[in-house]
Peer 1: 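This structure is in structure tokens; I'll ask about it shortly.
Only this structure's heavy atoms are used, side chains among them; waters, hydrogens and symmetry mates stay out. Just so you know, ligand 1 is whichever comes first in the structure, and atom 1 is the first atom listed for that ligand.
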Amino acid sequence: MRTFDYSRPGDPQQAVIQHQHADSAAYLAGGTTLLDLVKLDVMQPAQLVDINPLPLKQIEPLSDGRLRIGALVTNTDLANHPLVREHYAVLSEALLAGASTQLRNKATTGGNVMQRVRCSYFRDGISPCNKREPGSGCAAIKGNNRNVHAVLGTSEQCIAAHPSDMCVAMAAIGAKVLVSGPKGMREIDFLDFHLLPGNTPEKEHALGDDELITHVILDAPLKGSRSSYLKLRDRTSYQFALASSAVILTLSEDGKQIREARIALGGVGTKPWRAKEAEAALMGQPAQITTFEQVARLAFKEAKAYSQNAFKIPLGQQAIVRNLRDLTA
Ligand code: SF4
């Protein structure tokens with residue numbers, strides 16, 4: 001049995017200091033990923049810094065129209081908050097499509113941003129896995145890669161898909177991640193937070209050493225927009241996305257033309273995947289199926305399929321087409 005130290009700091013600065021002073025430390029929030037991985041011996045922190053006492057549980061509208069979410073706001077509270085339901089329907093829907101009620105009651109906003117991949121080779125602790133043990137290889141490339149592996153943003157080192165639904169909605173909305181660290185506070189653009197695997201799949205995010213996520217600030221909602229999250233999976237609950245889309249749209253007054261569009265994809269990318277080229281191609285175009293099919297193809301033009309997941313390319317395109325069709329109907 002491995003032992004570890006445990007501490008409960010009273011404020012974010014103390015948390016950072018306690019994290020800094022341990023050889024290998026991890027911040028503990030809801031624990032829905034971390035405790036699993038500790039029990040599986042995939043993560044072996046020498047110290048758990050329990051941040052649950054920190055005052056990071058508020059959802060506050062800012063004077064410039066943005067919404068600040070504390071890192072410890074649970075997925076359930078965020079999904080059901082009146083401002084989120086009214087102005088960020090895509091986020092509420094994405095959260096409610098994720099995991100189970102019990103997990104959503106524990107999982108936090110910051111923890112969801114930091115969610116680790118669901119690749120079984122990463123979690124089994126023994127297979128070759130460059131993410132868990134750099135340089136050991138990637139068992140998924142020629143192995144079981146149907147469900148939780150990507151077709152966009154992959155590398156020869158790692159093809160695991162980012163598993164979060166919430167992050168896909170945040171990528172579409174636009175957000176900043178606020179972090180506190182040894183050098184003070186800083187902001188990271190949400191689209192820059194998660195990193196592509198490239199040659200360093202063990203480095204998953206832009207956090208520096210000992211930095212702690214304190215808040216996520218959502219961009220102000222697009223005026224007059226409508227939005228939706230569509231998740232396609234083998235069964236309709238408690239299942240990761242095979243492909244998903246978060247779409248936010250504004251239409252012309254007669255509803256026949258797309259004025260502005262934001263599209264992000266889940267289940268198919270190694271990070272929450274913003275489809276900017278597809279968005280640009282939609283602007284000013286008629287809201288019709290042929291347009292939607294064209295931009296969906298564009299979103300996957302760089303896709304690379306592996307032995308069992310080629311079906312994700314047409315499925316991901318369908319996730320875009322159906323979401324656009326339903327939002328413009
Ligand atoms: Fe590891 Fe990534 Fe390969 Fe899975 S896909 S075995 S996480 S390197």
Peer 1: Find all atoms of ligand 1 within a distance of less than 4.0 Å from any non-hydrogen atom belonging to Phe122, and give their numbers and elements.
Peer 2: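 Under 4.0 Å from Phe122, ligand 1 has these atoms: 7 (S).
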Peer 1: Tell me whether the count of non-hydrogen atoms from other residues, nucleotides or ligands lying under 6.0 Å of CZ in Arg233 goes above 12.
Peer 2: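 Buried by this count: over 12 neighbours within 6.0 Å.
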Peer 1: Using a distance-only test with no angle check, is there a side-chain donor-acceptor pair under 3.5 angstrom linking Ser92 and Tyr229?
Peer 2: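 The answer is no; no qualifying pair exists.
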Peer 1: For atom 4 (Fe) of ligand 1, grab the closest protein heavy atom and report residue, atom and distance to one decimal in Å.
Peer 2: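 Scanning the protein heavy atoms, the shortest distance from atom 4 (Fe) of ligand 1 goes to Cys119 SG, 2.4 Å.
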Peer 1: In ligand 1, which numbered atoms sit nearer than 4.0 Å to a non-hydrogen atom of Tyr121?
Peer 2: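 Answer, ordered by atom number: 6 (S).
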Peer 1: Does a sphere of radius 6.0 Å around CG in Asp41 hold more than 12 heavy atoms from other residues, nucleotides or ligands, not counting ones at 6.0 Å or beyond?
Peer 2: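 Above 12, so yes.
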Peer 1: Verify the neighbour count for atom CZ of Arg85: are there more than 12 heavy atoms of other residues, nucleotides or ligands below 6.0 Å?
Peer 2: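 Counting neighbours around CZ of Arg85, 12 or fewer heavy atoms of other residues, nucleotides or ligands fall under 6.0 Å, so no.
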Peer 1: Quick check: are there more than 12 heavy atoms from other residues, nucleotides or ligands sitting under 6.0 Å from CG of Asp209?
Peer 2: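 No, because the 6.0 Å sphere around CG of Asp209 holds 12 heavy atoms or fewer from other groups.
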Peer 1: Which heavy atom of Leu72 sits nearest a heavy atom of Leu54, and at what distance?
Peer 2: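 For Leu72 and Leu54, the tightest heavy-atom pair comes out as CD1-O, 3.5 Å.
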Peer 1: N/O/S atom of Cys158 under 2.8 Å from atom 3 (Fe) of ligand 1, yes or no?
Peer 2: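 For Cys158, the answer is no, given that no N, O or S atom comes within less than 2.8 Å of atom 3 (Fe) of ligand 1.
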Peer 1: Please state which protein non-hydrogen atom is closest to atom 3 (Fe) of ligand 1 and give its distance, to 0.1 Å?
Peer 2: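 For this ligand atom, the closest protein heavy atom is Cys138 SG, 2.3 Å.
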Peer 1: Within the 4.0 Å heavy-atom shell around Gln157, which atoms of ligand 1 are there?
Peer 2: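 Selected atoms, number and element: 8 (S).
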Peer 1: Is atom 1 (Fe) of ligand 1 less than 2.8 Å from at least one N/O/S atom of Cys129?
Peer 2: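 For Cys129, the answer is yes, given that an N, O or S atom comes within less than 2.8 Å of atom 1 (Fe) of ligand 1.
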